[in-house]
Amino acid sequence: LSEALDGPMSEAWRASWQRELDGVGDRLSKVLVKDWLKANPGKRPLYSTVVIKVKRDENNRVNVLKSRLCAIGTNQVKGRDWHEKACATPRRGTINLLECMAMELGWGVAITDLEQAFLQGDFQDDQAGKQLLRLPKKLREYDQDGNEYAFQIDAPIYGLIDSANQLSRTQKSYIESDENPIPMRRSDHDYGLYSLYVPHDPEPRRRALAVLKEHGITAADVESGAAALHVLTWIDDNKIFSSHTSLRDAFLAGFKKRFKTKDLGLGDANLRDQPPSVYLANTYTYNDGRVDISNEAMADRIIAAANLTGATKAHPSPMKARPTLPAPREQTPGERAALLDHLRATKEHFVDKQTTYEDVCTQFRSLLMSVSYLAQSLHMELMVHVSILAQHQTFVGKEAWSALKHLLRHLLHIKGESVTYARSGAKGITLSAECDASFGQDVPWHGGARYGVLIRINQGAAIEVEAK
């Protein structure tokens, strides 16, 4: 924002910044830095930045100039500025299963998005008012004596390391409370899933059954699965699966009173009769008792971002043709210049005369994180390669860049692959797959996987499978 305020659209960006300040008004309290430091001896203020984005409509016209105030994480200390950064999100298997059940059983589905998500969380511990946020120099304000104003943080904001965790805990507190019009509880096996629930204790059970009776539902309906309401919470995205429209509507009505949301889609008809369902990078398609899951659409976007749409496909996989990368280390000025010369010689689309080494590292991280997201959603066999390359994302060398390009060209080869969930009433062999952290050791069989993927039969005997 500081740079944009010196440009030709400075007034528009200043108005955008004012809208952001108005939006975080109840999250922050303006105080004098000297007064806050006196009241909080030994504490250090956090620094901030304001990131901006130009949002465009479907005709590529400028729609919104967006500013976002963010705390900078580099000087946040565990135990002082944050306590737990892990955030409860649903397992991919849970997501896939619910998508399949919704298509097979004809459940209604709704997706909501929390607006200014982290700002809707509440500190779930004694953290309110314990942090001070200084603004960037160009945006700071001073009193008549030249004393600097800053913001006391009264609730989670963007950039705080544990903001996602605080938001997750805030949603849990609401969904499991009496404030929620539908009785629900969090799963013991998947902390990102909340489901319709009838308590066992007499008084809570009586209240829950009274609520369900209004929707024509009995305890037997819930226990048999004939009546279902499941909510997946993925940070700021919530997906609701419901067997009864009235259950879903009642939950959403209460949820929208507590949180500011926008609807991303509602569906009462069976998903099998609608266009493919898309959620978190995966596309779900129903076909006569089976659901095909793929993420080809996201793979195409990643490949296009790397300008490799017409490139030669890489096979065999990176697992078997893994290049030997040198240990991660800071690149010398000569090595950085050599990498830039190499990228210009190979005519990388994002490189020109003004491109810097830092620009290359940014492009490397952006592509690698996109592949990581895709791999976690469906292609777990790629995660070993992603983890190896992640060690080089701070100091990108020529070898690491070539290895990333190989991985992306392999994505061209496998992007059309899918996983199928089929209806079956028979009990048979169960295969479970996992990514093996000890992959890649050139030693005889040691119980780990030489190709990165380990398959277990009925949770017992392990077999090794080459990634193809």
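Note that the structure is a prediction, hence the values are computed from the model and not measured. What you see below is based on every heavy atom in this structure, not just the backbone, and it leaves out hydrogens, waters and symmetry mates.
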I'd like to know whether CZ of Arg92 has more than 12 heavy-atom contacts from other residues, nucleotides or ligands below 6.0 angstrom. yes

Under 3.5 Å, which donor-acceptor pairs do the side chains of residues 294-302 form with other protein atoms, sequence neighbours left out?
unit_1 : atom_1 : unit_2 : atom_2 : d
Asn295 : ND2    : Leu374 : O      : 3.3
Asn295 : ND2    : Ser377 : OG     : 3.0
Asp300 : OD1    : Lys415 : NZ     : 2.6

Are Asn96 and Val419 side-chain neighbours, meaning at least one heavy-atom pair lies under 4.5 Å? no

Asp292-Ser418 side chain donor-acceptor pair, cut-off 3.5 Å: no

Crowded around Lys138 NZ? As in, over 12 foreign heavy atoms under 6.0 Å? yes

Glu115/Lys262 salt bridge by N-O under 4.0 Å criterion: no

If you take all heavy atoms of Leu209 and Ala219, which pair is closest and at what distance? CD2-CB, 3.6 Å

Fit a plane to each ring of Phe251 and Tyr174, take the angle between them on a 0 to 90° scale, and name the class: parallel (under 30°), tilted (30 to 60°) or perpendicular (over 60°). tilted

Which residues pass the side chain to side chain contact (heavy atoms under 4.5 Å, CB included) test with Ser366, sequence neighbours left out? none

Worked check of side chain to side chain contact (heavy atoms under 4.5 Å, CB included) between Tyr142 and Val33: CA-CA 10 Å; Tyr142 302 88; Val33 173; over 6 Å; no

Testing the basics here: between Thr170 and Gln120, what is the closest heavy-atom pair and its distance to 0.1 Å? CG2-O, 4.0 Å

Residues at least two apart in sequence or cross-chain that pass side chain to side chain donor-acceptor pair (under 3.5 Å) with Arg134, listed by chain then number, are Tyr47, Glu148

Using the side-chain hydrogen bond (donor to acceptor under 3.5 Å, both in side chains) rule, take Gln18 and Asp22 through it: C-alpha gap first, then chi angles, then the decisive distance, then the call. CA-CA 6 Å; Gln18 187 58 52; Asp22 295 340; 3.1 Å; yes

Could you label the plane-to-plane angle of the His200 and Tyr197 rings as parallel, tilted or perpendicular, counting under 30° as parallel and over 60° as perpendicular? perpendicular

So which heavy atom on Thr394 is nearest to which on Cys361, and how close? O-SG, 3.7 Å

Pairing residues for His379 by the ring pair (Phe, Tyr, Trp, His ring centres under 6.0 Å) criterion, not counting sequence neighbours: none

Exercise: do Asp359 and Thr356 side chains pair donor with acceptor under 3.5 Å: yes

Looking at every heavy atom in both Gln152 and Leu132, which two are closest together, and how far apart are they? N-CD1, 3.8 Å

Roughly how far, to the nearest 0.5 Å, is the CD atom of Gln131 from the CD atom of Gln76? 6.5 Å

Checking Thr94 against Leu98 for the side chain to side chain contact (heavy atoms under 4.5 Å, CB included) test, could you report, in this order, the C-alpha distance in whole Å, the side-chain angles of both residues, the deciding distance, and whether it holds? CA-CA 6 Å; Thr94 302; Leu98 286 175; 4.2 Å; yes

In terms of heavy-atom contacts, does NZ of Lys43 have more than 12 from other residues, nucleotides or ligands at under 6.0 Å? yes

Under 4.5 Å between any side-chain heavy atoms of Thr218 and Leu212, yes or no? no

Gap separating the CD atom of Glu203 from the CZ atom of Arg206, nearest 0.5 angstrom: 4.0 Å

Side chain to side chain contact (heavy atoms under 4.5 Å, CB included) partners for Glu141, two or more places apart: Lys30, Tyr149

Say you draw a straight line from CG of Leu21 to CG of Leu28; how long is it, rounded to the nearest 0.5 Å? 8.5 Å

Can you see which heavy atom on Val211 is nearest to which on Pro181, and at what distance? CG1-O, 3.2 Å

Residues, nucleotides or ligands: over 12 heavy atoms within 6.0 Å of Asp178 CG: no

Taking only residues at least two apart or on different chains, which pairs with a member in residues 202-239 satisfy ring pair (Phe, Tyr, Trp, His ring centres under 6.0 Å)? Trp107-His230

By ring pair (Phe, Tyr, Trp, His ring centres under 6.0 Å), which residues pair with Tyr194, not counting sequence neighbours? none

Can you tell me how far CG of Asn180 sits from CZ of Arg185, rounded to the nearest 0.5 angstrom? 14.5 Å

According to side chain to side chain contact (heavy atoms under 4.5 Å, CB included), who are the partners of Gln391, at least two apart in sequence or on a separate chain? Pro328

Side chain to side chain, Met101 and Phe241, heavy atoms closer than 4.5 Å: no

Compare every heavy atom of Pro156 with every heavy atom of Leu160, then report the nearest pair and how far apart it is. CD1-CA, 4.1 Å

Side chain of Thr89, backbone of Gly192: donor and acceptor closer than 3.5 Å? no

Carefully, step by step, assess Ile157 and Val24 under the rule side chain to side chain contact (heavy atoms under 4.5 Å, CB included). CA-CA 8 Å; Ile157 65 169; Val24 300; 5.6 Å; no

Drop me the distance from Ile52's CD1 to Leu1's CG, to the nearest 0.5 angstrom. 6.0 Å

Could you check if a side-chain atom of Val360 sits within less than 4.5 angstrom of a side-chain atom of Phe350, using non-hydrogen atoms only? yes

Can you give the donor-acceptor pairs under 3.5 Å from side chains of residues 8-16 to other protein atoms, not counting sequence neighbours?
unit_1 : atom_1 : unit_2 : atom_2 : d
Ser16  : OG     : Leu65  : O      : 2.8
Ser16  : OG     : Ser67  : N      : 3.2
Ser16  : OG     : Ser67  : OG     : 2.7

Pair Leu407-Val386, side chain to side chain contact (heavy atoms under 4.5 Å, CB included): steps then yes or no: CA-CA 9 Å; Leu407 179 62; Val386 168; 4.2 Å; yes

Would you say Leu404 and Val396 make side-chain contact, with heavy atoms under 4.5 Å? no

Is a side-chain donor-acceptor pair under 3.5 Å present for Glu99 with Asn282? no

Atom pair CG/OG1 of Asp237 and Thr261 - distance to nearest 0.5 Å: 11.5 Å

The criterion is ring pair (Phe, Tyr, Trp, His ring centres under 6.0 Å); which residues satisfy it with Phe118, sequence neighbours excluded? Tyr158

Where the side chain of Asn40 meets the backbone of Trp36, is there a donor-acceptor pair that is under 3.5 Å apart? yes

With Tyr191, which residues qualify under side chain to side chain contact (heavy atoms under 4.5 Å, CB included), at least two apart? Ala88, Arg186

Using the test side chain to side chain donor-acceptor pair (under 3.5 Å), find all partners of Arg258 that sit at least two apart in sequence or belong to another chain. Asp122

Quick check: do Lys405 and Leu308 have side-chain heavy atoms less than 4.5 Å from each other? yes

Leu408 vs Ile303 side-chain heavy atoms within contact, under 4.5 Å: no

Decide yes or no for Leu382 and Ile414: does some side-chain heavy atom of the first lie under 4.5 Å from some side-chain heavy atom of the second? yes

Look at the side chain of Ser372 and the backbone N and O of Leu368, then say whether any donor-acceptor pair between them is shorter than 3.5 Å. no

